[in-house]
Number of protein chains: 2
Amino acid sequence: MSNTRTKIMNLAEKLIRTKGYHAFSYKDISAPLQIKNAAVHYHFPAKADLGEAIISRTIRTFELQTEEWKPLSPEKKLEAFINIYRESKEQNMVCFMGALGPSYDSLPDNMKAELTIASNQIRLWLREVLQEGKDKGLFDFSETIEEKADTIVTALLSSLILSIVSQEDVLQTVSKAIPKAL
Amino acid sequence: MSNTRTKIMNLAEKLIRTKGYHAFSYKDISAPLQIKNAAVHYHFPAKADLGEAIISRTIRTFELQTEEWKPLSPEKKLEAFINIYRESKEQNMVCFMGALGPSYDSLPDNMKAELTIASNQIRLWLREVLQEGKDKGLFDFSETIEEKADTIVTALLSSLILSIVSQEDVLQTVSKAIPKAL
DNA sequence: AAATATACTTACTAATAAGTAAGTTCTTGA
DNA sequence: TCAAGAACTTACTTATTAGTAAGTATATTT
């Protein structure tokens with residue numbers, strides 16, 4: 001796997017997560033990398049292929065990370081999860097779900113399918129962490145597991161959006177609130 | 001103010017909130033309304049003017065609504081607020097903040113400015129409602145007012161996104177959880 | 001050494017985008 | 001009734017888009 005391919009994906013991901021999928025062109029990738037437009041098409045024939053590759057990579061990375069986190073306590077797992085969002089925020093990016101989800105109807109079919117898989121994977125993992133914490137008597141909340149998981153993941157997702165729009169650190173506010181309600 | 005102008009804005013809003021700002025063109029508006037491309041430009045010279053008009057209208061509508069809600073109890077105010085999101089969900093739309101926020105960097109300056117104003121207006125209103133509820137002994141939570149307000153607004157915002165992506169009613173899940181944690 | 005595959009560049013195409021200038025029709029108030 | 005403005009249409013332009021076909025240099029394999 002070439003270095004150029006990875007550079008293209010990294011830059012495209014950055015563009016998607018700051019400007020959106022429809023707001024960048026192959027020129028925005030080829031110019032900074034000092035390659036020709038057709039070189040991007042060589043690695044990713046269609047823009048949809050590039051988009052899909054980025055979602056797939058994110059899914060794989062998440063699988064690897066959660067695998068690594070398996071020995072951690074539920075609290076530490078949640079902390080590690082929140083930390084992903086913190087890293088995004090530091091780079092002024094929203095998460096890929098927040099970037100692509102709102103324009104779902106305008107995405108190519110392959111990207112839609114990958115995105116749906118990813119969303120349910122993340123929500124399922126979070127439910128398992130909350131269940132584990134509840135079973136071990138570490139977490140205590142009145143909502144159901146599903147409710148709590150969705151409350152947390154939605155709060156993190158749009159705190160990145162609102163951090164950029166409102167120009168305040170909404171992620172910080174929200175992530176301080178999460179452990180208080182557990 | 002002509003009927004066409006309103007029709008253009010309504011359709012453009014629908015397009016923004018399902019496909020995104022960069023994923024629709026003036027043709028997507030002129031064709032269904034059976035008018036010419038230049039007719040759209042007559043009412044909104046640049047696409048940025050159309051975008052700004054939609055955000056401004058949403059702000060004005062929110063101001064009118066919250067004004068109407070003034071006599072309501074904090075619980076009812078919150079209920080009415082959640083209901084806005086429910087109506088969006090029924091039309092398979094995300095809210096305008098969720099639609100435009102993630103591509104903030106690629107938006108025209110006038111839209112950015114309006115969006116920032118809107119986000120802080122909504123957050124401020126919600127903080128006031130929560131404060132009122134706390135003062136009246138109706139709400140009881142361990143988080144600060146700011147934390148609680150941001151937790152609620154972020155949960156609602158991205159529950160619309162996740163409802164579309166995951167194809168489950170995440171808004172329903174999340175809005176059931178909100179009163180449980182008050 | 002020859003053949004082959006990889007990773008590109010050069011040089012395009014066809015479609016679509018936003019936007020404009022000039023003309024037309026319709027409405028309305030003086 | 002007529003002059004003026006509002007609400008368009010016609011007919012463009014210019015720029016950008018994704019995408020492709022054909023060629024080239026450089027490794028790698030046989």
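Throughout, protein chains are lettered first and strands after them, A, B, ... in sequence-line order, and every chain is numbered starting at 1.
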task: Kindly check if the number of other-residue, nucleotide or ligand heavy atoms within 6.0 Å of NZ (A/Lys36) is above 12?
output: no

Per-residue pairing states of DNA chain C in dot-bracket (Watson-Crick or G-U under 3.5 Å; . unpaired, | other strand) read ||||||||||||||||||||||||||||||

When you compare the side chains of B/His43 and B/Thr4, does any donor N or O come within less than 3.5 Å of an acceptor on the partner?
no

Worksheet item: Any side-chain N or O of B/His43 under 4.0 Å from OP1/OP2 of D/dC8?
Response: yes

- [ ] Give B/Phe24 one of three labels, base, sugar-phosphate or nothing, depending on what nucleic acid heavy atoms sit under 4.0 Å from its own.
- [x] sugar-phosphate

Atom CG of A/Asp49 and atom P of D/dA18 are separated, to the nearest Å, by 13 Å

Between NE2 of A/His41 and P of C/dA11 the distance, given in whole Å, is 18 Å

Taken to the nearest whole Å, CD1/B/Ile29 to P/C/dG19 is 12 Å

C/dA7 OP1/OP2 closer than 4.0 Å to side-chain N/O of A/Thr4:
no

Fill in: B/Glu63 vs B/Arg60, salt bridge (charged side-chain N to carboxylate O under 4.0 Å, His left out): CA-CA, chis, key distance, verdict
CA-CA 5 Å; B/Glu63 282 167 353; B/Arg60 280 198 306 278; over 6 Å; no

Polar side chain donor-acceptor pair, A/Tyr104 to A/Thr116, under 3.5 angstrom: yes

**Request:** Given salt bridge (charged side-chain N to carboxylate O under 4.0 Å, His left out), test A/Glu132 with A/Lys77 step by step and report yes or no.
**Result:** CA-CA 11 Å; A/Glu132 188 196 346; A/Lys77 277 177 188 157; 2.8 Å; yes

Side chain to side chain donor-acceptor pair (under 3.5 Å) filter on A/Asn92, not counting sequence neighbours, yields none

B/S/- along nucleotides 9-16 of chain D (protein heavy atoms under 4.0 Å) is BB------

A/Arg5 CZ to C/dA7 C1', in whole Å, measures 13 Å

query = Looking at A/Phe62 versus A/Trp125, is the centre-to-centre ring distance below 6.0 Å?
reply = yes

In whole angstroms, the gap separating C1' of C/dC8 from NZ of A/Lys7 amounts to 14 Å

For B/Lys180 and A/Glu143, what are the C-alpha separation, side-chain angles and deciding distance, and is it a salt bridge (charged side-chain N to carboxylate O under 4.0 Å, His left out)?
-> CA-CA 7 Å; B/Lys180 288 190 187 178; A/Glu143 304 94 329; over 6 Å; no

Query raised in the report: Below 4.5 Å, heavy atoms only, C-beta onward: do A/Met9 and A/Glu13 meet side chain to side chain?
Result: no

In whole angstroms, the gap separating P of C/dA7 from CG of A/Leu33 amounts to 16 Å

